[in-house]
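Remarks on the structure that follows.
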Amino acid sequence: IDNVVKAVEQVIEEPAIIVGWSLGGLVATQLAISSPKKVIALVTVTSSPSFVAQEDWPGIKPIILKSFYNLLSEDTVKTIDNFLKIQAMGSPHIRADIKKTRALIMQYPMPSKDTLTSALALLENVDLRDELQKIDCPFLRIYGRLDSLVPKAVIERIQALAPLSESYVFDKASHAPFISHQAEFENVLMSWLKATRA
């Protein structure tokens with residue numbers, strides 16, 4: 001994750017508001033911890049400081065990650081499709097969300113298996129829970145109550161680790177509220193940013 005953060009740092013020319021979704025939220029969190037002068041405010045969207053379920057922490061079951069590793073070794077496209085289905089699971093308009101997300105992703109070249117494997121490894125191994133207290137900029141956490149990758153049970157636990165942060169939960173959204181509830185998402189984000197800047 002340090003290498004990813006360094007790559008991001010290189011394109012931040014002046015202190016900025018950093019918004020990160022899912023794994024991007026993990027990267028954004030690490031950036032706010034390790035380079036606080038670069039981050040005016042932090043917004044994480046359906047993200048967690050530790051994605052994998054542990055005895056005392058809700059998250060992605062290790063067996064699900066293992067299945068993605070196995071599928072990835074056989075079929076990259078099918079792995080991405082399955083991951084998109086999980087991200088939209090629980091959404092009231094799941095097919096439309098998957099279609100829109102797939103269209104956005106497919107605008108870009110297909111990532112290599114090595115890239116996807118490295119991303120899964122970050123989800124599996126990075127744990128920033130003990131570092132959250134170091135974040136001293138305004139911090140908003142956005143969730144979907146129907147999210148199967150970042151379960152709602154984790155929200156209060158993260159709040160305890162980052163008591164100065166704020167959170168917003170979309171009751172009928174899953175892992176991509178900016179897709180399924182775009183207008184509401186924009187309103188929530190912009191309202192918070194305006195209040196923060198004031």
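Excluded from the calculations below are hydrogen atoms, water molecules and symmetry mates; all remaining heavy atoms, backbone and side chain alike, are included.
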Just verifying a value: how many Å separate Ser148 OG and Ile64 CD1, rounded to the nearest 0.5 Å? 7.0 Å
Would you give the length of the straight line joining atom NZ of Lys38 to atom CD of Glu13, rounded to the nearest 0.5 angstrom? 8.5 Å
Atom CG in Leu146, atom NZ in Lys172: separation rounded to 0.5 Å? 9.5 Å
With heavy-atom distances below 4.5 Å as the criterion, would you say the side chains of Leu189 and Phe178 are in contact? no
Same cluster or not: Leu128 versus Leu122, using hydrophobic residues (I, L, V, M, F, W, Y) connected whenever any side-chain heavy atoms lie under 4.5 Å apart? yes
Under 3.5 Å, side-chain donor or acceptor atoms of residues 154-166 against the rest of the protein: list the pairs with distances, not counting sequence neighbours.
{"from": "Arg157", "atom 1": "NH1", "to": "Asp56", "atom 2": "O", "distance (Å)": "2.3"}
{"from": "Gln159", "atom 1": "OE1", "to": "Arg141", "atom 2": "NH1", "distance (Å)": "2.8"}
{"from": "Gln159", "atom 1": "NE2", "to": "Pro163", "atom 2": "O", "distance (Å)": "3.2"}
{"from": "Gln159", "atom 1": "NE2", "to": "Ser165", "atom 2": "O", "distance (Å)": "3.1"}
{"from": "Ser165", "atom 1": "OG", "to": "Arg141", "atom 2": "NH1", "distance (Å)": "2.7"}
{"from": "Ser165", "atom 1": "OG", "to": "Ala162", "atom 2": "O", "distance (Å)": "2.6"}
{"from": "Glu166", "atom 1": "OE2", "to": "Trp192", "atom 2": "NE1", "distance (Å)": "3.1"}

How would you list, by chain and number, every residue that makes a side-chain contact (heavy atoms from CB on, under 4.5 Å) with Ala119, sequence neighbours excluded? Leu23
Are Ser174 and Asp97 close enough that some pair of their side-chain heavy atoms sits under 4.5 Å apart? no
Among pairs that include at least one residue of residues 103-136, which meet ring pair (Phe, Tyr, Trp, His ring centres under 6.0 Å), considering only residues two or more places apart or in two chains? none
Which pair of non-hydrogen atoms, one from Gln133 and one from Asp130, has the smallest distance, and what is that distance? NE2-O, 3.4 Å
How far does OG of Ser167 sit from CG of Leu140, to the nearest 0.5 angstrom? 8.0 Å
What about Val39 and Leu193, same hydrophobic cluster or not, with Ile/Leu/Val/Met/Phe/Trp/Tyr joined at side-chain heavy-atom distances under 4.5 Å? no
Please list, one pair per line, the donor and acceptor atoms closer than 3.5 Å that link side chains of residues 42-52 to other protein atoms, with sequence neighbours excluded.
{"from": "Thr46", "atom 1": "OG1", "to": "Trp21", "atom 2": "NE1", "distance (Å)": "3.2"}
{"from": "Thr46", "atom 1": "OG1", "to": "His175", "atom 2": "O", "distance (Å)": "2.8"}
{"from": "Ser47", "atom 1": "OG", "to": "Ser22", "atom 2": "O", "distance (Å)": "2.7"}
{"from": "Ser47", "atom 1": "OG", "to": "Leu26", "atom 2": "N", "distance (Å)": "3.3"}
{"from": "Ser48", "atom 1": "OG", "to": "Ser50", "atom 2": "N", "distance (Å)": "3.2"}
{"from": "Ser48", "atom 1": "OG", "to": "Ser50", "atom 2": "O", "distance (Å)": "2.8"}
{"from": "Ser50", "atom 1": "OG", "to": "Gln54", "atom 2": "NE2", "distance (Å)": "3.2"}

Is there a path from Ile17 to Val11 through hydrophobic residues (I, L, V, M, F, W, Y) whose side chains come within less than 4.5 Å of each other? no
Restricting to salt bridge (Lys or Arg N to Asp or Glu O under 4.0 Å), what partner residues turn up for Asp171, sequence neighbours left out? Arg145
If I take atom CZ from residue Phe185 and atom CD1 from residue Ile179, how far apart are they, to the nearest 0.5 angstrom? 10.0 Å
same_hphob_cluster(Trp57, Val150) at 4.5 Å side-chain heavy-atom cutoff: yes
Counterpart residues, side-chain contact (heavy atoms from CB on, under 4.5 Å), relative to Pro15 (two or more places apart): Ile40
Are the side chains of Gln30 and Asp2 in contact, using a 4.5 Å heavy-atom criterion? yes
Do the side chains of Ile12 and Leu31 get nearer than 4.5 Å, heavy atoms only? yes
Answer with yes or no whether the hydrophobic clustering places Leu116 together with Val27; edges join I, L, V, M, F, W, Y residues whose side-chain heavy atoms lie under 4.5 Å apart. yes
Counting only heavy atoms not in Lys113, do more than 12 sit closer than 6.0 Å to its NZ atom? yes
State whether the number of non-hydrogen atoms from other residues, nucleotides or ligands found under 6.0 Å of Asn70 atom CG is greater than 12. yes
Could you grab the distance from atom CG of Leu123 to atom CG of Leu65, nearest 0.5 Å is fine? 6.5 Å
Under a 3.5 Å distance rule, please check whether Gln107 uses its side chain to pair with a backbone N or O of Leu104 as donor and acceptor. yes
